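Here the structure is a predicted model, which is why all the values come from computation and not from measurement. Values reported hereafter were calculated over all heavy atoms of this structure, with side chains retained and with hydrogens, waters and symmetry mates removed.
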Amino acid sequence: ALEISIAVRHGDTPQKERRKQALHPPDMLITTPETLQIMLVGKRLREALSHVRWVIVDEIHELAGDERGAQLAVALERLHECAGEFQRVGLSATIGNPDEVARFLGGRRDVLLIDAMDEKAMEIVVERPSVRDDDHRLAGKLGLDAPSAALLRRIKELIDMHEATLFFVNTRDAAEILAARLREIGADIEVHHGSLSREARIEAEEKFKRGEVKALICTSSLELGIDIGHADFVLQYNSPRQVTRLIQRVGRSGHRKGRVSRAAIVALNPEEYAEAAVIAQKALRGEIEHIRIRKNPLSVLANQIILMTVEYRQIPPEKMYRILTRAYPFLELSKTTFYEVLEQLRDQGVLWMAGGSVRRRKKSTSYFIENISMIPDEKSYDVVDISSNKVIGRLDESFASSHCTPGSRFIMKGRAWEVAKKEERIYVAPASKTYIVPDWAGEEIPVPFAVAREVGALRRKVAEGIVSDDVVKEAVEEQLRGGFELPSDRVITIEKDRNVVYINTHFGTKVNETLSRLVGSLLAQRIGESVAMGSDAYRIYFTLPRSMSTELIKEILLGIKPDTVEALLRIILKKSSFLHWEALKVARKFGIMEKAAEYDRFSLDRIV
């Protein structure tokens, strides 16, 4: 429409289209950080990149805080070597600390901040549907409890009341089970998430655009995209966990200048309701989480050293260091650390160092092919509809190996399938009802410390009569009726149920996970036996080998000296399976291990 020739390039772009782009570069290329890594190495594409005058980083908040972002920051400096200075533009609707994200975009350059956030009007309703008489009948028919039936009924009512609804959930398994349940009660809905095939996602998007379905149930797969037609309403199932998530999702409705974005959050229980209410208030006040940008991530450093070696064939280390230290994550990188990583890579045989230059080896090229992305590889299986031979989605290896024998059933695309055969792919046929949903790794969104603290404050203020909220009041009164002290932002409680102990806190996901490992290890040391532990944003729990007094837990908790926490954690984490997984990822990004290396077949101690 603007008479600018445009092309799109990413992992799914057909070879024919790639050739066309190399021979006749477009005015504008829409691409991914990973594809840019490839383009910097290709001879023809590199020539096209030498003419770059503008780089727009859309949804920059999605990148700034992780290793993909650090890799992109270095790639932009490598692009600077090839194209000279170009203008950088970062776009986002949800950044709590724009000054630092501006520095991430510009490195050592000055960046102008333009804030247009106060122009967008939002309306957000938070509700926990109350149970009606007909919900009991629906619950009996579906084999659910009454509150779950009430929730499904209310979701369908809200979908029917609007023209086009985007219905967000936090995990892929929730998307699948809710889609299956909503279809049972006649809701007009399709499913969209990252583990469905590209064809299945496009089919769902097109149906929604054409108005053939009234709602699309989705995860963060549709948080950022704009080309999904006009949604006049956004639904969120349970708390979105973070203010950033909620603002991104609500903004999908009324996605036009001057329109109001309208949304509702429907919560299944009082805890989800309280968290959603706090996040909705924060969103309306514009209190967005800060993005923490990690300094000197060495796995990214190793990756970029090797990729620059492939790009230049041979390059002086001083030039490499100069390029790296223009990128914001590496502004403070010391020469000592840089040369230590360089020598590590040389000792592994991933590159040569000779005659004052870093030179590529055969192993450098094979590393490049396997490690273009900083996203950890999860082995997965394609799921194929045996009747049409179409790929409908992917399953993680853990679920595929434990739940995919011939005859077993699971839900995908919101429909039931039965496994016909399992080879390199899993072949399935449509089946009658099942409620088994695949689990996919690494999906839970952490609840920030500030949100959890405010949920505790809300509970306390409702109990004190300072704030009026019927849903929270009912939950608070039930707790007090049971003779329990009310946990809040000012009170930690310890409860015991036989051999399970709960510490009720309002510290959020990360603090509670850290505390659970710390207290659990000290407790196991004290009683001389292992202790099973777990946590969420509001509680830490231990399964003890035998019943014991809660006084011991209190004593351990109050006995931890703040200045010993880090040293204790270093000892505890060194033995944890969590560190095993992290060490495996870092070893792969350093080129110590090949992509195909099995997680359970390596010695962590040897690698450390």
Side-chain angles (χ1 to χ4, degrees), residues 11-12 138 141-144 148-149 151-152 155-156 159 165-208 210 212-222 228 237 377-444:
D12 291 332
L138 183 62
K141 183 180 157 191
L142 297 176
L144 293 168
S148 298
L151 187 86
L152 286 172
I155 288 166
K156 185 177 182 296
I159 288 169
T165 299
L166 280 177
F167 181 16
F168 284 100
V169 298
N170 294 337
T171 61
R172 288 167 278 185
D173 52 356
E176 291 289 0
I177 193 72
L178 276 167
R181 289 293 197 181
L182 285 163
R183 281 204 182 109
E184 277 188 78
I185 63 170
D188 188 11
I189 198 160
E190 280 291 336
V191 190
H192 191 291
H193 61 72
S195 287
L196 293 176
S197 68
R198 181 168 176 254
E199 290 73 20
R201 294 197 306 271
I202 288 169
E203 184 189 350
E205 287 171 27
E206 291 300 324
K207 279 184 175 178
F208 186 70
R210 293 193 297 264
E212 291 171 24
V213 289
K214 280 180 73 76
L216 210 51
I217 187 166
C218 48
T219 57
S220 51
S221 58
L222 279 184
I228 38 100
Y237 168 66
D377 290 298
E378 301 278 345
K379 191 174 177 188
S380 60
Y381 289 84
D382 282 346
V383 179
V384 181
D385 180 348
I386 203 162
S387 57
S388 64
N389 209 34
K390 275 187 180 173
V391 177
I392 55 172
R394 289 188 309 279
L395 290 175
D396 283 1
E397 184 179 26
S398 55
F399 184 83
S401 50
S402 55
H403 289 285
C404 288
T405 50
S408 58
R409 293 177 180 183
F410 59 83
I411 294 170
M412 188 172 261
K413 273 185 77 181
R415 295 172 174 84
W417 303 90
E418 185 171 305
V419 177
K421 59 180 177 176
K422 181 187 170 192
E423 296 167 349
E424 286 298 303
R425 297 168 138 198
I426 296 164
Y427 292 87
V428 297
S432 56
K433 221 158 57 171
T434 182
Y435 295 124
I436 293 170
V437 179
D439 50 356
W440 287 279
E443 281 205 292
E444 284 298 335

What heavy-atom pair brings T405 and V419 nearest, and what distance separates the two atoms? O-CB, 3.5 Å
With respect to H193, which candidate in R201, R172, E176 satisfies the side-chain hydrogen bond (donor to acceptor under 3.5 Å, both in side chains) definition? E176
Could I get the full list of side-chain contact (heavy atoms from CB on, under 4.5 Å) partners for A180, not counting sequence neighbours? I411
Provide the closest heavy-atom pair for V383 versus F410 in the form atom of the first, atom of the second, distance. CG1-CZ, 4.1 Å
If we only count heavy atoms from C-beta on, is the Y237 to I217 side-chain gap below 4.5 Å? no
The reported gap from NZ in K156 to NZ in K214 (rounded to nearest 0.5 angstrom) is 9.5 Å
Within the 4.5 Å heavy-atom criterion, are R181 and L144 side-chain neighbours or not? yes
List the residues meeting side-chain contact (heavy atoms from CB on, under 4.5 Å) with E424, not counting sequence neighbours, and say none if there are none. none
Contact between T219 and V169 at the side-chain level, heavy atoms closer than 4.5 Å - yes or no? yes
Listed by chain and number, what are the salt bridge (Lys or Arg N to Asp or Glu O under 4.0 Å) partners of E190, not counting sequence neighbours? R183, K207, R415
Smallest heavy-atom separation, P438 atom then D173 atom, equals O-CB, 3.3 Å
Taking atom SG of C218 and atom CZ of F168, what is their separation to the nearest 0.5 Å? 4.0 Å
So, taking the atom named CG in L182 and the one named CD1 in I189, what distance separates them when rounded to the nearest 0.5 Å? 5.0 Å
Distance in Å, H403 NE2 paired with L395 CG, rounded so as to fall on 0.5 Å steps: 10.5 Å
Does the pair R425 and V391 meet the rule for a side-chain contact (heavy atoms from CB on, under 4.5 Å), with working shown? CA-CA 9 Å; R425 297 168 138 198; V391 177; 3.6 Å; yes
Shortest non-hydrogen contact from G414 toward A179: CA-CB, 3.8 Å
Restricting to side-chain contact (heavy atoms from CB on, under 4.5 Å), what partner residues turn up for I386, sequence neighbours left out? A420, K421, Y427, A429
side-chain contact (heavy atoms from CB on, under 4.5 Å) between E203 and K413, intermediate numbers included: CA-CA 11 Å; E203 184 189 350; K413 273 185 77 181; 3.6 Å; yes
CH2 on W417 to CD1 on I426, rounded to 0.5 Å: 13.5 Å
Which distance, rounded to the nearest 0.5 Å, do you find between the CG of D382 and the OG of S197? 8.5 Å
Mark yes or no for whether S380, through its side chain, and R394, through its backbone, hold a donor-acceptor pair below 3.5 Å. no
For D188, what residues pass the salt bridge (Lys or Arg N to Asp or Glu O under 4.0 Å) criterion, not counting sequence neighbours? none
Using the test side-chain contact (heavy atoms from CB on, under 4.5 Å), find all partners of S432 that sit at least two apart in sequence or belong to another chain. R409
What's the shortest heavy-atom distance between E423 and Y381, and which atoms? O-CE2, 4.0 Å
